[in-house]
Amino acid sequence: MNKCKIHPLHLAALAASLLALAACKPAATDSQTTAVPVNQPATALCLNGQCGVLAPDGKVLLGFDNDFGNILATDLASPVFASRNGHWDLVSLDGSKVLKHAFTNELILLPNQLFGFARDGLYGVMDRQGEEVIAPRFDRLTPGSDGRYIVYEIDGWQGVMDTHGKLRTEAVYDWIQTQGDGAGKPQLLMARRGTVNWVIDLGSGAQQPVAYDHIGPQNQGYSVVSAGGLFGLADSSGTALFGLKYPWLGIPSQGLVAFREAQDKPCGYLDYQGRIAIEARFVNCLPFGKQGAMTQEWRQDGSSLFGQYGLIDRQGQWKLEPTYDFADQAGISLLGQGHHVPGYAMIGHYPAPMQMTRGIFSTDDGKEILAPIYEQIGALGQGLFLFSDRHSPRIRLTYQGEPAELPAVGVVDRSAIRLVAPRDAIGFSLDPSGRFLRSQASLAADAPAALYDLQGRLVVPARGQVLEVDTRHGLLRDYSLKTIQGQDWKGLLSLRDLQGKVQFSVRRTECGAAQLVDSADKPIWPLDPTPYCPALATN
């Protein structure tokens, strides 16, 4: 595991900016330099307190016989950043030549293979070749949590920089959002100048004052915005389309957004100009798909109890008469909270009191695609769904210090064909690349995660806690993750191709030493792990 601190370490920015992270202390071994293509990533790796650099096939480019306490590498066409004696050098890829000596005592990992560096108390930005993109002029540099922008600070004022080092705004704000709310990668950022709220468009760099202070659900280029408990709608530029006047709005979709005049009132739908398109006469209103939306009927006696769900068209007429006992958004979290997945709704029946069976309805196709026979069902995307049923094994775990039990889940497709059987996972999610599924074995942050392809084939077994999919270079990285004194550290466990074939990996020997091995499980370094056994090192 890597234990040398780089300040500040932001895992999201790290994943977006670096192809590898390694940190530790050096010692000596044999090095080997091999000619390799230059359009591939380089991996910096530290084992047993010593650091080196590898090509994707496991060839050693910079041997572990050096005095570097930390190495950061990007690709085979670039030098590496290496630290020793409290400062950073820029050295050739094989470590034989120092290109810049002691140019900074602090590096900040920024998106898109940029680096913040300190000089004379100020920060600048350099690229992976060590060329200064911006000379030191900033008091602080903070990458956004989604790796798409950088917030800089000058004399207490903040501005936004893009991931190429171009200033998108001047430093005129008291505060700019750096942490996302987990709702994907937003195009709009909230900011504040004095008592006035502003919104910044990351794409165009446009800025405008706004009446709202929060950007909520975003879908198809539109956002629900709010302030003081009232909600409105904004377009892709952040411009409000109508005022903050409703205590609740749903998720905008297909040109319509659900609304309520009061929390205890029926719901209906507005168009994006704020005009009532479907009068408020339903108990619950879900987002529209291409064919309609699932809504719950309001009983004639005014009671919302036991009203069923059906599909309405854009005029509010039933395309499918109320049939289902329950409906909700199709996405589902580990703790059962729903979220929007375009074109789908979860449907349910109560075969007995306090017992529900669930299925999936396509609001894009206007038909049921998975019958409500599952104990749990949730849309993942790409026509795939997680599920559990009465035959699923139960997994015992701890939640907030208390023992709990959840059903194991598997994966089915639209035809109800089981791709992954429920065994040892309590959740699945679609990887941001759209090419893989990640499993989760427990609610703990240190739970190992496995990676499957969209056909249900296991690609990376559950070993590490962090899986990175690098489709640009056709590589998968599996990391361990540990928190030490409040700092997160990643340690590379394996590098694989997109089919899951190991290029190289790290294993623990019987005595506890780490050993780097190639695709055939033959040692790369150290050939003899004995000198690095922890028990021997302490004697």
Side-chain angles (χ1 to χ4, degrees), residues 11-16 19 21 145-147 180 182-185 330-342 344 376-388 392-393 395 397 399 406-414 417-483 488 490-503 505:
L11 286 181
L14 172 63
L19 296 172
L21 167 66
S145 61
D146 66 3
K185 294 184 176 182
I332 186 171
S333 71
L334 292 175
L335 298 177
Q337 297 174 327
H339 59 85
H340 180 57
V341 177
Y344 294 110
Q376 185 176 196
I377 194 79
L380 298 171
Q382 303 282 28
L384 300 177
F385 308 86
L386 66 79
F387 78 97
S388 66
S392 298
I395 297 177
L397 43 80
Y399 177 62
L406 291 176
V409 299
V411 178
V412 299
D413 64 12
R414 284 174 58 104
I417 295 174
R418 297 190 175 199
L419 304 179
V420 182
R423 284 188 296 267
D424 52 13
I426 62 169
F428 280 88
S429 60
L430 188 68
D431 183 81
S433 70
R435 297 184 57 170
F436 298 96
L437 292 168
R438 300 169 185 250
S439 72
Q440 186 164 345
S442 82
L443 297 171
D446 59 353
L451 201 68
Y452 293 80
D453 66 18
L454 300 187
Q455 289 71 50
R457 182 180 67 89
L458 181 64
V459 177
V460 181
R463 184 185 176 197
Q465 293 79 24
V466 179
L467 293 166
E468 292 181 2
V469 178
D470 179 4
T471 55
R472 177 185 175 191
H473 298 102
L475 296 172
L476 304 172
R477 297 179 182 86
D478 183 22
Y479 293 94
S480 63
L481 177 65
K482 290 190 177 181
T483 301
D488 289 330
K490 295 194 307 181
L492 186 67
L493 298 173
S494 68
L495 183 74
R496 302 167 183 257
D497 65 19
L498 293 183
Q499 288 69 50
K501 180 181 178 182
V502 174
Q503 306 300 297
S505 62

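Quick note: numbers below take in every heavy atom, side chains included, and nothing from hydrogens, waters or symmetry partners.
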(Q) I'd like to check Glu468 versus Leu492 (side-chain heavy atoms, cut-off strictly below 4.5 Å). Are they in contact? (A) no
Q) Where do Gln376 and Pro407 come nearest, in terms of heavy atoms and distance? A) NE2-CG, 3.7 Å
Q.
Walk me through whether Leu476 and Phe436 qualify under side-chain contact (heavy atoms from CB on, under 4.5 Å).
A. CA-CA 11 Å; Leu476 304 172; Phe436 298 96; 4.1 Å; yes
Q: Taking all heavy atoms of Ile332 and all of Ile377, pick out the closest pair and write down the distance.
A: CG2-O, 4.0 Å
Q) Is any NZ, NE, NH1 or NH2 atom of the basic residue among Arg457 and Asp453 found under 4.0 Å from an Asp or Glu carboxylate oxygen of the other? A) yes
Q. Looking only at heavy atoms, what is the nearest atom pair of Phe428 and Val409, with distance?
A. CE1-O, 3.4 Å
(Q) On a heavy-atom basis, which atom in Ser388 and which in Ala408 lie closest, and how many Å separate them? (A) CB-O, 3.3 Å
(Q) Do Leu406 and Leu397 make a side-chain contact, defined as non-hydrogen atoms from C-beta onward lying under 4.5 Å apart? (A) yes
(Q) Quick check: closest heavy atoms across Ala450 and Ala462, and the distance to 0.1 Å? (A) CB-N, 3.7 Å
Q: Could you tell me whether the side chain of Arg435 reaches within less than 4.5 Å of the side chain of Leu498, counting heavy atoms only?
A: yes
Q. Taking side chain as C-beta onward, heavy atoms only, is Val469 less than 4.5 Å from Leu451?
A. yes
Q) OG of Ser439 to CG of Asp424: how many Å apart, nearest 0.5 Å? A) 6.5 Å
Q. Just by distance, do the side chain of Gln503 and the backbone of Lys501 share a donor-acceptor pair under 3.5 Å?
A. yes
Q) Rounded to the nearest 0.5 Å, what separation is found between the CG atom of Leu386 and the CG atom of Leu380? A) 5.0 Å
Q: Please tell me if the side chains of Lys490 and Ser480 come closer than 4.5 Å, counting only heavy atoms from C-beta onward.
A: no
Q) Taking side chain as C-beta onward, heavy atoms only, is Tyr452 less than 4.5 Å from Arg438? A) no
(Q) Treating Asp413 as the side-chain partner and Ile417 as the backbone partner, does any N or O pair qualify as donor plus acceptor under 3.5 Å? (A) yes
Q. Where do Arg477 and Asp470 land on the salt bridge (charged side-chain N to carboxylate O under 4.0 Å, His left out) test, with the steps shown first?
A. CA-CA 8 Å; Arg477 297 179 182 86; Asp470 179 4; 3.4 Å; yes
Q: Without swapping roles, check the side chain of Gln382 against the backbone of Gly434 for a donor-acceptor pair under 3.5 Å.
A: yes
Q. Is the closest side-chain heavy-atom distance between Leu443 and Ile426 below 4.5 Å?
A. yes
Q: Heavy atoms only: give me the nearest Ser433-Thr471 pair and the separation to one decimal.
A: CB-CG2, 3.9 Å
Q) Does the side chain of Leu437 reach to within under 4.5 Å of the side chain of Asp431, using non-hydrogen atoms? A) no
Q: Give a yes or no answer on whether the side chain of Arg418 reaches the backbone of Gly410 with a donor-acceptor pair at less than 3.5 Å.
A: no
Q: Go through the side-chain N and O atoms of Ser494 and Arg496 and say whether any donor and acceptor fall under 3.5 Å apart.
A: yes
